[in-house]
Amino acid sequence: MIAMTTTSEGAPRKFQYDDAKVADVKLPNPLKGVSDTADWPQRRAEIFAMLEDQMFGKAPTFDKASIKVTREVADKSMLDGAAILSQPILQIAGCKVQLMIVRPANISGAVPAFLGYNFRGNHTVHEDPAIALTQGWVPRTKNNTATQEQRGLSAKRWAINEITKRGYALVTVYCGDIDPDFHDKFKNGVHAAYGVPAPNQWGTIAAWAWGLSRILDYLVNEPAIDAKKVIVMGHSRLGKTSLWAGASDPRFAAVISNNSGCGGAALSKRRFGETVHRINSSFPHWFCDNFKNYNNREDKLPFDQHMLLALVAPRPLYVASAEKDLWADPHGEFLAAKGADPVYRFLGTDGLPTEDMPAIDEPVHGRIGYHIRSGKHDVTLYDWKQYLAFADKHIKKASN
Ligand code: GTR
């Protein structure tokens with residue numbers, strides 16, 4: 001089936017949803033020129049430089065000593081006493097970044113954590129009225145302003161009870177605190193402090209990823225969090241972000257991509273579902289301008305997304321798809337994980353322990369984890385249960 005739809009520019013486009021019609025794509029070899037593990041750091045740097053220059057854009061260096069931390073409210077008990085909520089505010093490059101940290105109340109030492117952005121404000125993650133209402137621009141709301149009615153709106157996407165019960169903290173931040181998700185030619189968010197980016201400099205996804213590293217700069221000094229065990233997680237556009245954060249910053253202990261699709265875990269060269277041209281037209285601010293050179297020219301890309309995944313190696317990596325999320329190309333997400341597997345194996349791990357795409361709701365949890373869940377584009381309790389089992393296996397039980 002080929003479905004017709006329109007881009008935000010109004011141009012009608014055809015999108016491929018029939019796997020049988022997708023040509024077998026030839027993927028660049030991530031291990032090109034590598035014969036010994038000692039060769040990998042140089043090859044890794046080459047791959048990183050390609051993705052940075054041609055896709056995400058280079059982010060500025062940052063002096064972490066310039067982060068100022070304030071607290072407007074004291075820590076507070078949450079989840080009927082089972083958890084503690086703290087909400088430090090970080091001043092980063094002129095932006096006020098409000099953290100929401102929920103940690104288990106029964107553990108006094110530092111705990112491993114999941115770090116991930118939310119789409120519409122910390123107050124949407126749980127209905128607790130103590131959670132600060134987001135102050136900046138918010139999408140899909142009246143006057144782009146957060147309101148009390150939105151409390152807990154996205155709670156289903158955040159398994160806070162399960163996360164804290166299992167001995168992990170959740171650290172979440174509204175992505176718009178770092179860069180609001182609309183194209184204003186880079187006048188707002190952290191871009192404002194650095195000027196309009198050159199064609200090879202950071203778009204919004206790279207800015208969000210950079211923001212996650214700044215938050216990690218802070219977490220290193222946060223006694224409640226074991227900063228060596230921070231798992232960066234994101235859904236959809238924020239899954240593209242978690243992958244680039246994990247690729248850019250080796251301090252992230254593990255990386256989770258939930259339904260990240262085009263520009264995330266899905267192979268671009270397959271042109272299945274969302275394409276490079278479409279994503280660059282609908283969201284011209286997400287990637288650097290150089291990426292637009294590949295609009296309708298995916299065959300010319302010197303890399304594909306399996307190489308983004310390989311940049312996480314040998315750290316634990318989880319790629320999750322959803323059966324009905326064809327726009328994100330579940331099969332292409334699996335094939336990218338499979339394409340990263342040789343690097344994981346080369347570096348001495350079990351990689352992705354399956355040749356063939358697993359059946360629906362049958363996860364595999366090697367050093368690369370993968371599942372395709374029944375249902376649509378979303379983050380569900382099922383997804384979180386897999387991430388927790390994966391984190392228990394690869395992060396919690398691992399020694400520092
Ligand atoms: C869609 C976009 C996808 C995905 C998604 C999301 O509109 O085409 O690439 O990122 O948004 O973030 O929910």
Side-chain angles (χ1 to χ4, degrees), residues 3-17 51 55-56 116-121 124-125 137-141 153-154 156-158 172-176 178-183 189 203-209 211-212 232-245 255-288 291-292 294-296 298 301 304-305 308-309 319-333 336 373 375-380 383:
M4 289 288 285
T5 178
T6 54
T7 67
S8 61
E9 296 165 325
R13 302 228 143 250
K14 289 179 180 155
F15 295 101
Q16 183 60 261
Y17 289 111
L51 280 148
M55 185 172 185
F56 292 98
Y117 283 123
N118 57 73
F119 280 74
R120 296 174 72 189
T124 64
V125 169
W137 178 96
V138 188
R140 291 177 288 127
T141 45
L153 212 70
S154 306
K156 271 206 187 133
R157 285 188 169 178
W158 298 94
T172 185
V173 175
Y174 168 48
C175 63
I178 291 287
D179 197 11
D181 191 9
F182 65 94
H183 192 29
T204 291
I205 289 178
W208 287 334
L212 290 167
V232 65
M233 179 271 175
H235 168 61
S236 205
R237 67 198 67 184
L238 302 176
K240 310 178 207 300
T241 304
S242 63
L243 288 169
W244 186 237
V255 180
I256 299 172
S257 148
N258 191 91
N259 305 180
S260 62
C262 180
L267 295 175
S268 303
K269 290 177 190 282
R270 280 168 46 82
R271 300 175 52 94
F272 183 104
E274 188 170 27
T275 61
V276 169
H277 180 254
R278 167 62 193 244
I279 204 166
N280 281 332
S281 314
S282 309
F283 307 101
H285 57 300
W286 281 2
F287 300 97
C288 73
F291 195 45
K292 300 188 173 86
Y294 301 98
N295 287 351
N296 298 318
E298 286 87 346
L301 278 165
D304 209 334
Q305 300 307 99
L308 169 64
L309 303 186
V319 175
S321 308
E323 183 188 9
K324 296 200 172 129
D325 187 19
L326 294 183
W327 185 238
D329 187 11
H331 191 202
E333 293 184 318
R373 158 179 64 68
K376 63 179 178 62
H377 186 70
D378 202 356
V379 195
T380 69
D383 295 316

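Counting convention: from 1, in listed order, for ligands and their atoms alike. Values in this document were obtained by computation on a predicted structure and should not be read as measured data.
For atom 12 (O) of ligand 1, the closest non-hydrogen atom on the protein side is Arg237 NE, 2.5 Å. Atom 3 (C) of ligand 1 has as its closest protein heavy atom Glu274 OE1, 3.2 Å.
Every heavy atom of Arg278 sits 4.0 Å or more from the atoms of ligand 1.
The salt bridge (charged side-chain N to carboxylate O under 4.0 Å, His left out) test with Glu298 is passed by exactly one of Arg270, Arg271, Lys269: Arg271. Each of Asn280, Thr241, Asp181 was compared with Trp286 under the side-chain hydrogen bond (donor to acceptor under 3.5 Å, both in side chains) criterion, and only Asp181 meets it.
Taking every non-hydrogen atom of Trp286 and a distance limit under 4.0 Å, the qualifying atoms of ligand 1 come out as 9 (O), 10 (O). Remark: ligand 1 atoms within the under-4.0 Å shell around heavy atoms of Ile279 are 9 (O). In summary, the atoms of ligand 1 found under 4.0 Å from a heavy atom of Phe283, numbered by their order in the structure, are 2 (C), 7 (O), 8 (O). Those atoms of ligand 1 that come under 4.0 Å of a heavy atom in Ser236, given as number and element, are 4 (C), 5 (C), 6 (C), 10 (O), 12 (O), 13 (O). Those atoms of ligand 1 with a heavy atom of Lys240 less than 4.0 angstrom away are 3 (C), 4 (C), 9 (O), 10 (O).
Using a 4.5 Å heavy-atom threshold, the side chains of Arg120 and Thr141 count as touching. In this structure, the side chains of Gln305 and Leu308 come closer than 4.5 Å at one or more pairs of heavy atoms.
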Check against salt bridge (Lys or Arg N to Asp or Glu O under 4.0 Å), Arg157 and Asp378:
CA-CA 7 Å; Arg157 285 188 169 178; Asp378 202 356; 2.9 Å; yes

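For His377, every heavy-atom contact with ligand 1 shorter than 4.0 Å involves the side chain, none the backbone.
Ionic pairing of Arg373 and Asp383 is present here: one or more N-O contacts between side-chain nitrogen and carboxylate oxygen are shorter than 4.0 angstrom.
In this structure, Arg278 is not positioned above the aromatic face of Phe283 in the sense of NZ or CZ being under 6.0 Å from the six-membered ring centre and within 45° of the axis.
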